[in-house]
**Student:** 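Attaching a single structure in structure tokens format; questions to follow.
Chain letters run A, B, ... following the sequence lines, proteins first, then strands; residues in each count from 1.
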There are 2 protein chains.
Amino acid sequence: MGKGEQTRQLIVDRALTMAQRIGLEQVTLGVLADELDLSKSGLFAHFKSKEQLQLEVVAEAVARFTSTVILPALKAPRGLPRVQQLFEGYLRWIDSASGSSAHTGGCILMAFSYEYDDRPGPVHDAIQKAMQDWLDCIARVAKTAVDAGELAAGLDVKQFAFEFDGLLMAFHHAFKLHRNPRAEPMARKALAHLLERSTPTR
Amino acid sequence: MGKGEQTRQLIVDRALTMAQRIGLEQVTLGVLADELDLSKSGLFAHFKSKEQLQLEVVAEAVARFTSTVILPALKAPRGLPRVQQLFEGYLRWIDSASGSSAHTGGCILMAFSYEYDDRPGPVHDAIQKAMQDWLDCIARVAKTAVDAGELAAGLDVKQFAFEFDGLLMAFHHAFKLHRNPRAEPMARKALAHLLERSTPTR
DNA sequence: ACACCAAAAGCACGGTCGTGCTTTTACCTC
DNA sequence: GAGGTAAAAGCACGACCGTGCTTTTGGTGT
């Protein structure tokens, strides 16, 4: 629990920041060390390989996503509020990842998933699992809304999660790549459409 | 119009294929030359810099997308059929990009946009433009359906394009990252939902 | 068939990559 | 404050990076 663990955390944090701008595979031990005023070998001594550093960076990203998006949502009351909070949490996630110069950042997990979707290995597996967990989480939360009678009884929650996720990706795309200021209102409208359709007929 | 242009095309093609697996930034002149049985310098002589090669690769990807997705859709009758054909074209695009070992490939433009969304430069600009054109195309096609009275008169076509695009991204995600065999049926259902909601009330 | 010119190769360069060593520094415990 | 241990640095390595040259090859037009 000494200094080692502390600098190790510093390294992972900085590597994550750097990966957000240039991609995880482009984060090089040399420039990472420079940026942290460390020697390359001093930095490397904390990890048994570059791949392990990458894995820790992915794990850190997942942990941040969980604490920023998922945990807060699970504190909301079961049912629709929770669905709503998943949405709000994701917006917060994209926003908080945006640097001061605006619109840098974005969903690092999305970026990772595109970077590694055709690169087999532990990194790919970790990302795939995180994304699957996210989809499952959406579906599970939707199920609580169904059980509460706030969403239609026959709702296909997997389908719901599919469309919910798509809407968030569209938001991310509009916000991040196109710098479209209407990204958020459009996302809210899309969510309204989705919820409206999934409402119980009475 | 001689042999030079031909090998140049061969290089760009192969670079695109490679970029699909490992990312454009990871396509290195050395391994590209090896794969084509060329010398590194012989290959390099065709381009004044690596960035120019990257730009040509992006241009090639855009050209393929246009001829696979957009042009065929524009041959369909104006209105709903065209919207439907944009959807079918995108599915074909993802499918055709899938290698023999199944599920490699995917939407290379999407991958590029995530790779370069925080890397300013000509490559970023080219990709951003291509994506904007795609969104505009969706909106324009939707407009033809509105004019034909096949979609609701008051429909916000930008919003429609936003949600249409999100649905395709969800499909891509499910198909590519999760290897979910239900990706296509889920996408069709999502499209049905979107169209249903956009139908004129009568 | 020959000359010409484009295409490819050969070679070299400074730099950086990831990863092993050994050596020095700095922190924590008595 | 001294001693031991953990952390960081120093150094070296083979390999590969992108990019310039010069030289050789080979296709084409006459």
**Student:** Measure up the A:F87 and A:F164 rings against each other and bin them: parallel (under 30°), tilted (30 to 60°), perpendicular (over 60°).
**Tutor:**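 Geometry flag for A:F164 against A:F87: perpendicular rings.
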
**Student:** Give the rounded distance in Å between these two atoms: CG of B:L29 and C1' of C:dT16.
**Tutor:** 15 Å

**Student:** Tell me whether the OP1 or OP2 atom of C:dA6 has a side-chain N or O from B:H46 closer than 4.0 Å.
**Tutor:**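 Negative; the distance criterion is not met.
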
**Student:** Going 5' to 3' along DNA chain D, which nucleotides are the first and last within contact of chain A (any atom under 4.0 Å from a heavy atom)?
**Tutor:**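 Taking any atom under 4.0 Å from a heavy atom of chain A, the span is D:dA7 to D:dC11.
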
**Student:** Strictly by modelled atom types, are A:Q128 and A:Q132 linked by a side-chain donor-acceptor pair under 3.5 Å?
**Tutor:** no

**Student:** Describe the nucleic acid contact of B:S41 in one word from base, sugar-phosphate, nothing, applying a heavy-atom distance below 4.0 Å.
**Tutor:** base

**Student:** Please compare A:K48 and B:G42 by the position of their nearest nucleotide in DNA chain C and report the one closer to 5'.
**Tutor:**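 Going by which nucleotide is closer to the 5' end, it is B:G42.
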
**Student:** May I have the distance from A:K3 (atom NZ) to C:dT25 (atom P), rounded to whole angstrom?
**Tutor:**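 So the NZ-P distance, A:K3 to C:dT25, works out to 15 Å.
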
**Student:** By side-chain contact (heavy atoms from CB on, under 4.5 Å), which residues pair with A:Q54, not counting sequence neighbours?
**Tutor:** A:L24, A:E25, A:K50, A:E51, A:Y116, A:V123

**Student:** Between A:R64, A:Q20, A:E115, A:E60, which is the residue that forms a side-chain contact (heavy atoms from CB on, under 4.5 Å) with A:I108?
**Tutor:** A:Q20

**Student:** Find which nucleotide of DNA chain C each of A:V31 and B:R8 is nearest to by heavy atoms, and output the residue with the more 5' nucleotide.
**Tutor:**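 Looking at DNA chain C, the more 5' nearest nucleotide goes with B:R8.
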
**Student:** Would you please say whether a donor-acceptor pair under 3.5 Å links the side chains of A:H193 and B:R197?
**Tutor:** yes

**Student:** Would B:H172 and A:Y114 count as a ring-ring contact (aromatic ring centres under 6.0 Å, His included) if you check the C-alpha gap in whole Å, the side-chain angles of each, and the deciding distance to 0.1 Å?
**Tutor:** CA-CA 10 Å; B:H172 185 267; A:Y114 272 95; 5.4 Å; yes

**Student:** Nearest whole Å is fine: how far is C:dC17 C1' from A:L32 CG?
**Tutor:** 14 Å

**Student:** Take B:Q9 and B:E5, measure what side-chain hydrogen bond (donor to acceptor under 3.5 Å, both in side chains) needs, and give me the verdict at the end.
**Tutor:** CA-CA 6 Å; B:Q9 186 65 44; B:E5 201 56 38; over 6 Å; no

**Student:** Atom CG of B:D34 to atom C1' of C:dA8: distance rounded to whole Å?
**Tutor:**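 Taking CG of B:D34 and C1' of C:dA8, I get 15 Å after rounding.
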
**Student:** Between A:E5 (CD) and C:dC27 (P), how many Å, whole number?
**Tutor:** 17 Å

**Student:** Students often get this wrong, so: under 4.0 angstrom with heavy atoms, is A:L43 touching a base, only sugar-phosphate, or nothing?
**Tutor:** nothing

**Student:** Return the value, rounded to whole Å, for the distance between atom CD of B:Q6 and atom P of C:dA6.
**Tutor:** 17 Å

